[in-house]
Amino acid sequence: MTDKTRQYAHLKSRHCSAVLELSDHEAPLWRYWGPRLPDGALPDFSLRDARATPTFSLEEDVPLSLFPTFGVGWFGSSALLAHREGQDFAQAMTGCEIIWLKQDHALRVRMTDPVASLVVEIDLGLAPETDVLTVSTKLTNMGSGVLDVQWLAAAVLPLPTQAKTVRSYTGRHNSEFVMQETALTRGIWRRENRRGLTSHDAFPGAVTSASAADAHSGLSYGAQLAWSGNHAQLIEWLEDGRYQWQLGEWLAPGEVRLGLGESLQTPEVLATCSLAGRNGVAAGFHKAIRSRLTWPDAEMSPRLVGINTWEGVYFDLKPSTLFEMAAAAAEAGIERFVLDDGWFQGRRSDRAGLGDWWTDLSVFPEGLGPLAKYVNDLGMDFGLWVEPEMINPDSELFRAHPEWALQIADRPLLTARNQLVLDLTRPEVSAYLLDKIGSLLDDLPIAYLKWDHNRDLTTAGSLGRPAYRRQTQAAYALMDEIRQRWPKVEIEACAGGGGRIDAGVLQRTHRVWTSDCIDAISRVAIQRGFLQFFPPEVMGAHVGASPAHSTGRSQSMDFRAAVAMPGHFGVELDLRQLNLAESETLKGWINLYKAHRDQLHHGQVWLGEGDDSVLWQAHGQADDLLIFVYRLGPMTQKWPSNLILPMVDEDKVYRVEEVRARPSLHAAAAPVFDDYRSKGVDLHGAWLAQQGLPLPPRQAETCLIYWVRTLDQLS
């Protein structure tokens with residue numbers, strides 16, 4: 001074919017291109033995914049025309065395609081692993097049709113394998129406004145025998161030879177988003193999760209970069225799977241020097257068995273690339289996630305300051321205590337009061353009660369209505385903690401229906417946090433939960449649900465079959481139904497902190513709890529990992545107690561609040577225990593957050609590293625920035641290094657002003673620093689980008705906040 005419009009499918013956005021080479025007798029070949037190509041840049045020759053046949057090789061070249069398959073000439077990892085009782089173990093797409101869903105931006109590739117009796121449909125969309133490529137795959141069995149599926153890639157993406165490293169994120173409870181950077185070599189990099197939910201230890205995404213790339217510049221790629229269950233991803237070196245990147249669900253043995261006409265639909269993969277380094281990748285992801293969020297009344301309202309009772313009182317719930325806490329919260333300027341675990345039947349500890357979703361009248365003789373009304377009368381929203389997917393063996397529900405727990409016949413039930421997992425794949429279980437939670441939502445003025453999930457899945461069987469993916473789908477369906485029936489209610493996803501953070505659950509919720517660790521030093525790294533993939537307005541970030549309950553370390557109120565402020569700001573401590581100075585300091589930070597939350601939650605985010613234990617992040621637009629400068633450790637230099645701001649407009653003049661939560665915060669040490677705090681300092685953008693912003697000396701575990709605006713913004 002010489003007509004490029006027939007030879008190629010060129011998906012385009014403002015800064016990115018994805019190019020497939022087309023044929024009607026095979027899967028499209030990946031020719032390119034990267035920075036935007038001009039329309040006339042595509043070559044006239046096919047991929048194979050520029051590839052000589054190597055020695056000891058097949059005469060028929062099999063390059064990387066959109067859907068590479070095992071057994072017919074492709075020796076890399078296959079996008080599909082499936083068979084019919086040992087037959088049809090090799091597949092080849094020999095028919096291909098392209099259907100444009102939106103010219104230049106979205107298409108469907110429909111492929112057929114008449115020998116193995118399969119149809120594969122892959123949807124690709126490259127959004128002009130986000131530069132994010134969205135990919136999903138649907139497999140349909142057209143044969144009479146049952147097709148056992150072991151692996152179906154949601155997306156197969158090409159990476160160029162310039163890709164040299166991969167940044168991925170591991171961790172544990174109280175230590176999420178631990179970054180690890182690995183060199184890409186002539187082999188396979190692979191990450192798998194089999195815990196039944198997104199997990200703390202294997203985030204379903206990563207970022208790859210060229211050797212010269214950094215946070216602010218250079219070629220970088222990112223991808224993440226929008227799915228809250230088991231998952232796997234791999235990056236594999238190919239013999240032409242490129243890499244393939246596959247992401248998809250990890251499937252348990254026997255979990256997917258397709259009969260005639262049945263289909264398997266994968267979750268979506270969100271993928272993007274940027275010449276602006278890792279921050280460019282983050283910017284694309286933030287835009288894409290924001291476009292997928294669904295808010296009450298169709299758009300996000302200012303993110304309310306909340307207080308959560310958990311670390312304040314744990315299970316020691318008394319109406320009088322909660323009334324006092326609510327009054328203290330309202331006086332501090334807090335806008336939402338969330339009653340955490342311990343309010344329902346038999347729940348005096350984590351050993352009992354899960355599943356019995358009605359108010360414990362021995363603790364609340366008049367129910368929760370008086371507390372909720374009091375909270376509302378104080379001008380705050382009322383929120384409630386639930387953990388619908390779980391059940392304690394010591395509960396009325398389990399005693400009545402032990403068969404409702406996920407289980408495998410003749411295997412022991414394994415508890416974690418003294419609890420089992422309810423089998424949501426049973427319609428009667430989901431109906432029970434909808435009835436109980438719905439009654440709460442009907443009877444109480446609940447504006448917010450904190451939806452928790454406090455254990456991994458084991459013995460995850462239902463009626464003799466693996467139930468991992470069906471459990472995730474059922475949890476999604478329950479959330480969707482609650483959202484449909486009570487559309488004004490916001491939902492927070494929590495799973496022992498950050499165990500269920502992904503783009504799939506965020507299509508059904510309005511924020512995620514980032515970590516049960518509220519230690520401010522720990523939170524800096526956790527939140528930076530989070531912000532690589534998700535925008536700050538969905539990042540639950542609270543001011544905790546000192547010493548921190550998770551680590552025993554102590555930090556000042558100012559530092560704890562400064563770390564929490566860029567996210568969805570909240571409080572998780574007993575305000576009644578604060579002294580007057582601490583209370584006034586916290587009020588100052590709450591007021592500062594309210595003054596700047598629109599800027600924090602609508603703009604771009606840049607993450608950067610300074611010298612000598614300094615980390616920083618900027619929020620807003622290039623002409624109007626709020627910059628947080630965190631000093632984590634003591635100074636080792638005599639004078640601090642200047643802070644380079646690579647995102648500013650080098651043709652503009654900026655005014656730099658220090659923003660403070662209280663007047664005495666951060667004493668100045670030189671005339672320029674006095675001017676930051678009084679009249680501001682004007683600096684040329686080129687100077688800020690090349691020479692940088694002078695910083696004052698200060699102690700470890702402190703934060704400076706600067707408002708950096710062009711003079712145009714001030715006029």
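Since we're looking at a predicted model, the values are computed, not measured.
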Whether the side chain of [X] engages the backbone of [Y] through a donor-acceptor N/O pair (distance < 3.5 Å, no angle test) should be reported.
{"X": "T137", "Y": "A154", "result": "yes"}
{"X": "Q407", "Y": "P402", "result": "yes"}
{"X": "H601", "Y": "V538", "result": "no"}
{"X": "E249", "Y": "G229", "result": "no"}
{"X": "S136", "Y": "P267", "result": "no"}
{"X": "H200", "Y": "A495", "result": "yes"}
{"X": "D480", "Y": "Q484", "result": "no"}
{"X": "T309", "Y": "D340", "result": "yes"}
{"X": "S78", "Y": "L81", "result": "no"}
{"X": "S430", "Y": "P427", "result": "no"}

For residues [X] and [Y], is any side-chain donor paired with an opposing acceptor at under 3.5 Å?
{"X": "E176", "Y": "S515", "answer": "yes"}
{"X": "N454", "Y": "D452", "answer": "yes"}
{"X": "W245", "Y": "Q233", "answer": "yes"}
{"X": "D502", "Y": "S228", "answer": "yes"}

Check: [Y] and [X] side chains under 4.5 Å, non-hydrogen atoms:
{"X": "N376", "Y": "F382", "value": "yes"}
{"X": "V375", "Y": "R336", "value": "no"}
{"X": "V512", "Y": "L506", "value": "yes"}
{"X": "W385", "Y": "W310", "value": "no"}
{"X": "I235", "Y": "I188", "value": "no"}
{"X": "T514", "Y": "R523", "value": "yes"}
{"X": "T425", "Y": "Q471", "value": "yes"}
{"X": "R426", "Y": "H401", "value": "no"}

Using 30° and 60° as the class boundaries, would you call the ring planes of [X] and [Y] parallel, tilted or perpendicular?
{"X": "H510", "Y": "W295", "value": "tilted"}
{"X": "F70", "Y": "F89", "value": "tilted"}
{"X": "F203", "Y": "F177", "value": "tilted"}

Side chain to side chain contact (heavy atoms under 4.5 Å, CB included) assessment of Q419 paired with N392: CA-CA 4 Å; Q419 62 197 54; N392 284 122; 3.7 Å; yes

Measure the [atom1]-[atom2] distance between [X] and [Y] for me, rounded to the nearest 0.5 Å.
{"X": "M390", "Y": "L354", "atom1": "CE", "atom2": "CG", "answer": "8.5 Å"}
{"X": "I501", "Y": "Q224", "atom1": "CD1", "atom2": "CD", "answer": "11.5 Å"}
{"X": "T458", "Y": "R195", "atom1": "OG1", "atom2": "CZ", "answer": "11.0 Å"}
{"X": "L434", "Y": "I482", "atom1": "CG", "atom2": "CD1", "answer": "6.0 Å"}
{"X": "M179", "Y": "S168", "atom1": "CE", "atom2": "OG", "answer": "9.0 Å"}
{"X": "Y468", "Y": "L406", "atom1": "OH", "atom2": "CG", "answer": "9.0 Å"}

Does the pair [X]/[Y] count as a salt bridge with the N-to-O cut at 4.0 Å?
{"X": "D341", "Y": "R347", "result": "yes"}
{"X": "R257", "Y": "D148", "result": "yes"}
{"X": "E387", "Y": "R455", "result": "no"}

Counting only heavy atoms not in [X], do more than 12 sit closer than 6.0 Å to its [atom1] atom?
{"X": "R84", "atom1": "CZ", "result": "yes"}
{"X": "E366", "atom1": "CD", "result": "no"}
{"X": "E428", "atom1": "CD", "result": "yes"}

To check you understand the geometry: which heavy-atom pair defines the closest contact between [X] and [Y], and what is its length?
{"X": "S522", "Y": "R553", "answer": "OG-NH2, 3.0 Å"}
{"X": "F285", "Y": "L270", "answer": "CE2-O, 3.5 Å"}
{"X": "S199", "Y": "N193", "answer": "CB-OD1, 3.3 Å"}
{"X": "A223", "Y": "L247", "answer": "CB-CD1, 4.0 Å"}
{"X": "P535", "Y": "R290", "answer": "CB-NE, 3.7 Å"}
{"X": "A520", "Y": "V563", "answer": "O-CG1, 3.8 Å"}

Does R399 make a cation-pi contact with W404, if we ask for NZ or CZ under 6.0 Å from the ring centre and within 45° of the axis?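 No, R399 does not lie over the aromatic ring of W404.
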
Run the side chain to side chain donor-acceptor pair (under 3.5 Å) test on R190 and S77 for me, step by step, so that the C-alpha distance in whole Å, both residues' side-chain angles and the decisive distance to 0.1 Å come before the verdict. CA-CA 11 Å; R190 185 176 182 91; S77 295; 5.7 Å; no

Given side chain to side chain donor-acceptor pair (under 3.5 Å), test R292 with Q507 step by step and report yes or no. CA-CA 6 Å; R292 295 160 66 91; Q507 287 187 276; 2.9 Å; yes

Stepwise, does the side chain to side chain contact (heavy atoms under 4.5 Å, CB included) test hold for E389 with L422? CA-CA 5 Å; E389 296 152 83; L422 275 173; 5.6 Å; no

Does anything in residues 437-448 form a side-chain hydrogen bond (donor to acceptor under 3.5 Å, both in side chains)? List the pairs, not counting sequence neighbours.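 Listed by first then second residue: D442-W486, Y448-E492, Y448-R511.
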
Side chain to side chain contact (heavy atoms under 4.5 Å, CB included) assessment of R483 paired with T294: CA-CA 10 Å; R483 287 287 309 278; T294 56; 2.9 Å; yes

Does the ring centre of W343 sit less than 6.0 Å away from the ring centre of F315?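 When the ring centroids of F315 and W343 are compared, they turn out to be at least 6.0 Å apart.
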
Under the criterion ring pair (Phe, Tyr, Trp, His ring centres under 6.0 Å), which of F337, F364, Y374 is the partner of F323?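 Running ring pair (Phe, Tyr, Trp, His ring centres under 6.0 Å) over F337, F364, Y374 with F323 returns exactly one hit, Y374.
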
L133 and T272: side chain to side chain contact (heavy atoms under 4.5 Å, CB included), yes or no, with the steps? CA-CA 6 Å; L133 180 68; T272 190; over 6 Å; no

Evaluate the criterion side chain to side chain donor-acceptor pair (under 3.5 Å) for residue pair E572 and N308; output intermediate values, then yes/no. CA-CA 5 Å; E572 189 140 352; N308 193 69; 3.2 Å; yes

